[in-house]
Asks: 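Just dropping this structure here.
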Amino acid sequence: MTKKTPDLTRAELLAAMETFPLHAQFGLQIVEAAEGRALARCTVGPAHLNYGGVVHGGVMYLLLDVVAYCAAVTLLPAGMNATTHDIHVSMLRPTPGGAELELRSVVRKHGRTIVFIDVEATVGEKLVASARVTKSLVALQ
């Protein structure tokens with residue numbers, strides 16, 4: 001029997017980000033998540049590329065959103081979860097297959113019902129994408 005989300009601790013929610021089937025196919029590894037920050041890494045595979053041979057925008061969107069969630073989870077009060085309210089993604093340069101992506105997120109503002117998070121994706125020292133993610137806080141039932 002699997003646990004339902006309301007019973008999960010912060011640590012379990014973070015662990016679930018790596019094992020969730022959609023995320024697992026990207027090899028997403030949550031390296032660190034604490035105090036409104038998160039760091040994750042993954043390697044871009046052939047299934048993540050568009051016809052041009054670079055990371056598909058939807059893939060980058062997903063990865064940025066997941067890492068934003070990981071930062072938000074570290075600040076959630078008991079009995080609450082976060083859901084994406086709004087996301088704005090900027091693709092700054094193409095990311096080729098085989099690239100090692102590093103994704104960093106930081107909570108910029110944490111209110112009673114909403115959280116604002118900035119996320120950056122880099123390959124080496126180069127910024128390849130960024131996002132401003134707004135998460136709504138919702139009560140678990």
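Along the sequence shown, residues are numbered consecutively beginning with 1. Only a predicted model underlies this, so the values are computations on that prediction, with no experimental measurement involved.
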Asks: What pair of heavy atoms forms the shortest contact from L49 to P96, and how long is it?
Replies: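 Heavy atoms of L49 and P96 come nearest at CD2-C, 4.3 Å.
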Asks: Please give me the minimum heavy-atom distance between V123 and V128, naming the atom from each residue.
Replies: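 Nearest heavy atoms, V123 then V128: CG2-CG1, 3.9 Å.
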Asks: State, without any angle test, whether K135 and T83 hold a side-chain donor-acceptor pair at a distance under 3.5 Å.
Replies: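 Checked: K135/T83 side chains show no N/O donor-acceptor pair below 3.5 Å.
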Asks: H85 and S136: side-chain donor and acceptor closer than 3.5 Å?
Replies: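 Yes.
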Asks: More than 12 heavy atoms of other residues, nucleotides or ligands under 6.0 Å from NE2 of H110: yes or no?
Replies: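 Above 12, so yes.
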Asks: Under the side-chain contact (heavy atoms from CB on, under 4.5 Å) rule, what do F116 and V107 come out as? Steps first, then yes or no, please.
Replies: CA-CA 6 Å; F116 297 95; V107 171; over 6 Å; no
Asks: Which is it for K126 and R93 under the side-chain contact (heavy atoms from CB on, under 4.5 Å) test, yes or no, and what are the steps along the way?
Replies: CA-CA 9 Å; K126 294 184 178 179; R93 62 175 33 107; 3.5 Å; yes
Asks: Side chains of M60 and M91, heavy atoms from C-beta outward: is any pair under 4.5 Å?
Replies: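 In short, these two side chains touch, coming nearer than 4.5 Å.
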Asks: Going only through I, L, V, M, F, W and Y residues with side-chain contacts under 4.5 Å, is there a path from V119 to V31?
Replies: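 The answer is no; the residues belong to distinct hydrophobic clusters.
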Asks: Can you check whether P94 reaches V55 side chain to side chain, under 4.5 Å on heavy atoms?
Replies: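 Sidechains of V55 and P94: no contact.
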Asks: Closest approach of A131 and V89, non-hydrogen atoms and distance?
Replies: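 It is CB-CG2, 4.1 Å.
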Asks: Looking at Q25, I'd like to know if its CD atom is crowded, meaning that more than 12 non-hydrogen atoms belonging to other residues, nucleotides or ligands lie closer than 6.0 Å.
Replies: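 For Q25, atom CD is crowded (more than 12 foreign heavy atoms under 6.0 Å).
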Asks: What distance separates R41 CZ from E102 CD, expressed to the nearest 0.5 Å?
Replies: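 Those atoms lie 4.5 Å apart.
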Asks: Before you tell me yes or no, could you show the steps for S130 and D118 under side-chain contact (heavy atoms from CB on, under 4.5 Å), namely the whole-Å CA-CA distance, both residues' side-chain angles and the distance that decides it to 0.1 Å?
Replies: CA-CA 7 Å; S130 65; D118 288 333; over 6 Å; no
Asks: To the nearest 0.5 angstrom, please state how far the CG atom of L75 sits from the CE atom of M80.
Replies: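 Reported to 0.5 Å precision, the distance equals 12.5 Å.
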Asks: Which pair of non-hydrogen atoms, one from T74 and one from A34, has the smallest distance, and what is that distance?
Replies: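 Shortest heavy-atom contact: CG2-N, 3.5 Å.
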Asks: In this structure, are over 12 heavy atoms from other groups packed under 6.0 Å from R112 atom CZ?
Replies: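 No, not enclosed.
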Asks: Tell me whether L39 shares a hydrophobic cluster with L103, the cluster being built from Ile, Leu, Val, Met, Phe, Trp, Tyr side chains joined at under 4.5 Å.
Replies: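 No, it is not one cluster - the side chains of L39 and L103 are not joined through contacts under 4.5 Å.
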Asks: Taking all non-hydrogen atoms of both residues, which atom of L76 and which atom of L137 are closest, and how far apart?
Replies: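 Reported closest heavy-atom pair: CD2-CD2, 3.4 Å.
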Asks: Hydrophobic clustering (ILVMFWY, side-chain heavy atoms < 4.5 Å, transitive) - are V106 and M17 grouped together?
Replies: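 Each belongs to a different hydrophobic cluster.
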Asks: Should L62 and F20 be regarded as members of a common hydrophobic cluster, given that ILVMFWY residues are connected when their side-chain heavy atoms come within less than 4.5 Å of each other, either directly or indirectly?
Replies: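 Yes; F20 is reachable from L62 via cluster members.
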Asks: Charged N to carboxylate O under 4.0 angstrom, R104 versus E120?
Replies: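 Result for this pair is no, no salt bridge flagged.
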Asks: With heavy-atom distances below 4.5 Å as the criterion, would you say the side chains of T95 and V54 are in contact?
Replies: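 Of all side-chain heavy-atom pairs linking V54 with T95, none is under 4.5 Å.
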Asks: Quick check: do C42 and L63 have side-chain heavy atoms less than 4.5 Å from each other?
Replies: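 The answer is yes, as the side chains (C-beta and beyond) meet within the 4.5 Å cut-off.
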Asks: To the closest 0.5 Å, what do you measure between CG (L64) and OG1 (T84)?
Replies: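 The OG1 atom of T84 is 11.0 Å from CG of L64, to the nearest 0.5 Å.
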Asks: When you group the ILVMFWY residues by side-chain heavy-atom contacts below 4.5 Å and let the links chain together, are Y61 and V44 in the same group?
Replies: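 Linked, V44 and Y61 end up in one cluster.
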Asks: List the steps and the verdict of side-chain contact (heavy atoms from CB on, under 4.5 Å) for Y69 and I117.
Replies: CA-CA 9 Å; Y69 176 80; I117 307 139; over 6 Å; no
Asks: At their closest point, which heavy atom of T19 faces which heavy atom of A24, and how far apart are they?
Replies: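 For T19 versus A24, the nearest heavy atoms are O-CB, 4.2 Å.
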Asks: Can you tell if the side chain of R132 reaches within under 4.5 Å of the side chain of I87, non-hydrogen atoms only?
Replies: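 Side-chain contact under 4.5 Å: no.
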Asks: Heavy atoms, side chains only, cut-off 4.5 Å: are D65 and V133 in contact?
Replies: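 The answer is yes; the side chains approach within 4.5 Å.
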